[in-house]
Each structure stands twice: as structure tokens, then as C-alpha cells.
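Chain identifiers are assigned alphabetically (A, B, ...) following the order of the sequence lines, protein sequences preceding nucleic acid strands; residue numbering begins at 1 within each chain.
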Amino acid sequence: MTFQKSIRFYDTKTGSQRRFEPINPEVVSIYSCGPTVYNFAHIGNFRNFVFVDVLRRTLKLFGYDVRHVRNVTDVDDKIIRIAQENNESIKDVSSRYEEAFFEDCKYLRLEDVEYNPRATDHIDGMIDLVKRLIEKGYTYEKDGSIYFKVDKFTDYGKLSGIDLSAVRTGARVDSDEYSKEDARDFVLWKGRRNDEPYWDSDFGQGRPGWHLECSAMSRHYLGDTFDIHTGAEDLVFPHHENEIAQSEAANGREYVRYWLHCAFLNMKDQKMSKSLGNIITAKKLRDDGVNGLAVRYFLLSVHYRKPLAFSYESIDSAVTAVTRLQTFFTRIKDLADNREADDRTDFEDKLNKYKNEWFEALADDLNTAKALGSLFELVREANSLMDRQMIGWRQATAILDFLSMADSVLDVMQSDSDSGLNQEIEDLVNCRNEARKARNFEEADRIRDQLKKMGIIIEDTREGVRWRKI
RNA sequence: GGCGGCGUAGCCAAGUGGUAAGGCAGAGGUCUGCAAAACCUCCAUUCAUCGGUUCAAAUCCGAUCGCCGCCUCCA
């Protein structure tokens, strides 16, 4: 690829766009806050994970390898509470929802990431981190729990820009039921309480606080300093702020070079969130037969740092848009396979223009909305030329190469084909063709209706008969 | 109260100083046995409002209105 590597990302820490330069010029290290598996993930959660998916795919398109960690939080207050309510183990709860999460990932065509560590498999690393913080004097103990002393870490607040003096002691900060010396402090290790799960450590039995796992696991897989850390914007404070504090205090090095945060998915004007009760799970859409590619497209159709409102109207419109892309992809592919067709115009410069626009849009802080805009311009222009039989197999092949490249990020143009059904469909299509040749249109239309009931749309084109699934 | 974001057509949305991309919906037309797909034409003299700067503003500055987020578990 001749395109110069010059991706820019909006970095939360600086509040501005910065040219991306990874520590290792070949391999980008990424840590993404993953799901807490206490429930089925909703599509607001998946807005974030689709954004992360676009990030890693874009980096790969630009020639980088990625070393990407996305954790599974499988121990936390909510999981424990649900397990107790249902009289199950936390493992029962977490594995149920973890499994559903990965099914949803497939539904939305999320690429596998390199590492999916579970928090409970990394307790040792977390204990080690707390130990080092204790040694360096960043902690205190109270009622068996270990707290991080925010006062000691002078850079505290640099990510979120929060003014600590504004956080009033005693106001709304005791909700985690653990007492602290200072409202701003956060818990590293929660001392064992009655029938909750616990682990042994040098500083007593207990379980890790929420922030600890990301610091421990990212260090395990990516080292003290890594390139990109992602999450949704509600994690900026306190979660990521606390990660920085504990990691930098313990390691004495910069924790993360680029912080990328995704905006929310809204229902009406409010964020989609479990506590507001306005969620739609990915599983529900999946069970309702909503096309996952349309959902993926919908989530990609707006820049990741802008609020996005969910509606079924938007999903419907995404279905149509995705179908248009898929139809175009198939048309180009068929033409590329047809060595009889010669080029009657030169499309190379135009194609290069669209290619450049595509790369430039993604390089501009993953502007998928802009990228799609120029892609649809290509669709219209190439369709128009194909209608006039101006494009032959050579140029179709060049266009197909670009589409494949674009789809290595989008991943919506090639629908899953149900091969088991194909022979039956082909037979019916052939019968209909015979009927049409015999000008028996009643029979032809009957077969067309029959296919439609099977979810198959027939298209009689100049290049021949095509069919596709609804 | 502190910090941050948003307001562009019927809906979604790109555009951060040079005269409004794109998608969906809608209207008319071409093609077709009919459809479907595709194409063509039309669809914002205007970017929440009001001022200001400038040769030039959706874009910069100021004010106003409306909406949202974080500051507490959260994607």
C-alpha cells in the first residue's frame, strides 16, 4: 500500500487530535475495557466494541500489526449480587453472560482480539501491583481494605481535567459501602466480607477493586507503557483516571500514550443504560431476526465521538443502505469474473480519488461517516458506468480490490450465505428462467413469489438473473 | 455548582474560513413481459437564535435558548 501512515486520533488526555506514532513502528498495543459479564450486553455497549473493532481493523489496513487486549470482568459487586440472588456461583453467572457476549460479537462481526483475559485469572498480577503500591507508600489500610491515597499522586486528574478540590468529601461518594479517609481515594483491594468470594494475599483475604484489573492485565500483556487505551466516555472518570494513578505510581512510567473514548448510544435523548431501564440488548435484536450487518452499519454510520440515537427507523434505513452496498459488491464481482467484458473507459484516476478519500477519512480519527459518504459516491458513479457497459473486467477487478479493502474495515458488504439452501434456490431460478424463455410469465411469476416467501429476491439484469436474500 | 459535549433538509449525517458530501424516505422519468436492481432529474438561498469580526462564516468571537453527558456503579 502506497498510502502514507499518518493516522490522527483525538486523545482525551490532550483534548486534541494527535498524529499517531506507536512505540513499536510495526506493532500497536491496545487495551480495551471489555464487558462486565453480569447481564446481556446492550447495543450501547456494542457501540463501544464496534468502535474498537473499527480501530483495530483500520490500524491493520494501514499496515500495522495489533496486539490487542480486551478483558472480561468476571468478578464485581453486581456479579456477586446476582449470583447470591439466584443462588449460583459467580462462575455460573459470568460464564453465562460471557458466552452470550461472544455470540453477540459474532452477530456484529467483531474480529477476535488477540487476548481476552478474565480478571479472575490475573489475581496474582493485581496482588503484585497492590504490593508494589504499598511498598511505595501510596496506600493505607482500613477495615481490611487497601485504599489508594490520591493525595500522593500529584498528576491525579490529568486525564479528565477534574478539579479535585471540587469533589466534596462525604457527598455521594460512599455508595460502594467501603469507608475511606478521603472521598477521592479509591479502593484497590476489598477486604473479605462474609460469604463473598475472596482470594488470599499478603495483605489479607479479599478481592480486587474494579480499577485494578485493567492495570494488572494491560501490564501483563502489553508492558508498563502501551499505545492505545479505549473505553466509553463514562470511564474517563474515575476508572481511567484511577488506572493511571495506580499504574504510574507503581511503575514510574507513563501508562498510556493515546486515550480514545467513544460517545454514548442514546434512547431518545438519554444514554442507553441498564439503570435507566431503556436498553435493547444485542441478543434481542439477534433473536428478533434483525440483520446484524445493518446494526453494525448503523453503529458505524456516525463518528464515534458523537452521540448516536437509536431508533428502529435508523435500523431500517441501515438495512436498505447495506443492501445497496452488497448489491453493488456482487455486481462488481460478477463483472470482474466475466473475462468477455472489456473496459470502454478509464476509471483509474477516479478510483484512486475514492481510495484516497477512504484512507484519509479513516486516518482522520476514524471518520467512518465521511468514509461511507465517499464510498456511496463511488457506488453511484460505477453503477452508472456499468449501466452503460463502460466498465470491463479489468477495472471491475480494480474496484473489487478496493471494495475488499474498504470492507476489511466495514465488514458489511458480504452477507453470510446459507450454502445448504443454495441448490434448491438454483433449481427454482432455473425453472423460472425456462418459463420466461417460453414466455410463460404466469409460471415465472409464481416461482418468483415462491422464492420471495423463502426470503429470496430475484433480479433480471442485462448480465443475467441474480438472486439475493432479503 | 465544576468540567465537557451537542443543535445542519421529513429522518440520519459529513463538512471547523471560500460559498451546503452522503444515506434513508418522497416526487417524476428511463430500462423491464411485469417486477426487482440500477441510472437520470427534483428535494436546505441555508446550517438553534441574535449580534460581531472578515472581501468571504455552518465554520472564528460574544451573548441567548434548547438538549445531553461526567463529577456515584456505568460502555
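A:Ser275 comes within 4.0 angstrom of no nucleic acid atom, judged by non-hydrogen atoms across all strands. Across all strands, A:Met272 comes closer than 4.0 Å to base atoms (heavy-atom distances). Counting any heavy atom pair closer than 4.0 Å across all strands shown, A:Val302 reaches sugar-phosphate atoms only and no base atom. Residue A:Phe101 is classed as having no contact, given no heavy-atom separation below 4.0 Å to the nucleic acid.
In A:Lys350, the NZ atom is not crowded: 12 or fewer heavy atoms of neighbouring residues, nucleotides or ligands sit closer than 6.0 Å. The local environment of CD in A:Glu99 is sparse, with at most 12 non-hydrogen atoms from other residues, nucleotides or ligands closer than 6.0 Å.
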Pairs counted only when both distances fall under 3.5 Å, Watson-Crick or G-U: show me the 5' to 3' dot-bracket for RNA chain B, [ ] for pseudoknotted crossings and | for other-strand partners. ((((((((.[[[..)..(...]]].(((((.......))))).....[[[[[..)....]]]]])))))))....

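In this model, no donor atom of one side chain and acceptor atom of the other lie less than 3.5 Å apart for A:Glu114 and A:Tyr221.
A:Asn367 has no side-chain polar atom (N or O) that falls below the 4.0 Å cut-off from OP1 or OP2 of B:rA13.
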Kindly give the atom pairs (protein nitrogen or oxygen, nucleotide nitrogen or oxygen) under 3.5 Å for nucleotides 66-70 of chain B.
| unit_1 | atom_1 | unit_2 | atom_2 | d |
| --- | --- | --- | --- | --- |
| B:rC68 | O3' | A:Asp269 | O | 3.3 |
| B:rC70 | OP1 | A:Lys271 | NZ | 2.5 |

Under 3.5 Å, N/O pairs linking protein and nucleotides 4-6 of chain B:
none

N/O to N/O distances under 3.5 Å, protein versus nucleotides 27-33 of chain B:
| unit_1 | atom_1 | unit_2 | atom_2 | d |
| --- | --- | --- | --- | --- |
| B:rG33 | O6 | A:Arg436 | NE | 3.3 |
| B:rG33 | N1 | A:Asp445 | OD1 | 3.0 |
| B:rG33 | N2 | A:Asp445 | OD2 | 2.7 |

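The nearest heavy atom of RNA chain B to A:Ile457 and to A:His303 marks one nucleotide each, and the one closer to the 5' end goes with A:His303.
Remark: A:Arg207 is not positioned above the aromatic ring of A:Tyr198, lacking an NZ or CZ atom under 6.0 angstrom from the ring centre and at most 45 degrees off the axis. A cation-pi arrangement is not found for A:Arg18 relative to A:Phe9, the charged atom failing to lie both closer than 6.0 Å to the ring centre and inside a 45° cone about the ring normal.
Looking at A:Trp189 and A:Tyr147, their side chains never come closer than 4.5 Å, going by heavy atoms from C-beta outward.
Going from atom CG of A:Leu265 over to atom P of B:rA75 covers 13 Å, rounded to whole Å. Atom P of nucleotide B:rA75 and atom CZ of A:Arg70 are separated by 14 Å, given to the nearest angstrom.
Centroid-to-centroid, the aromatic rings of A:His211 and A:Phe186 come within less than 6.0 Å.
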With the sugar-phosphate defined as primed atoms, P, OP1 and OP2, and the base as all remaining atoms, what B/S/- string results for nucleotides 16-23 of chain B, 5' to 3', for protein heavy atoms under 4.0 Å? -----BSS

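A side-chain donor-acceptor contact under 3.5 Å links A:Asn278 to the backbone of A:Ser273.
Under the rule for a side chain to side chain contact (heavy atoms under 4.5 Å, CB included), the partners of A:Glu443 that lie at least two apart in sequence or sit in another chain are A:Ala435, A:Asn440, A:Arg446, A:Ile447.
When all heavy atoms are compared, the tightest approach of A:Arg19 to A:Ser6 is NH1-CB, 3.2 Å.
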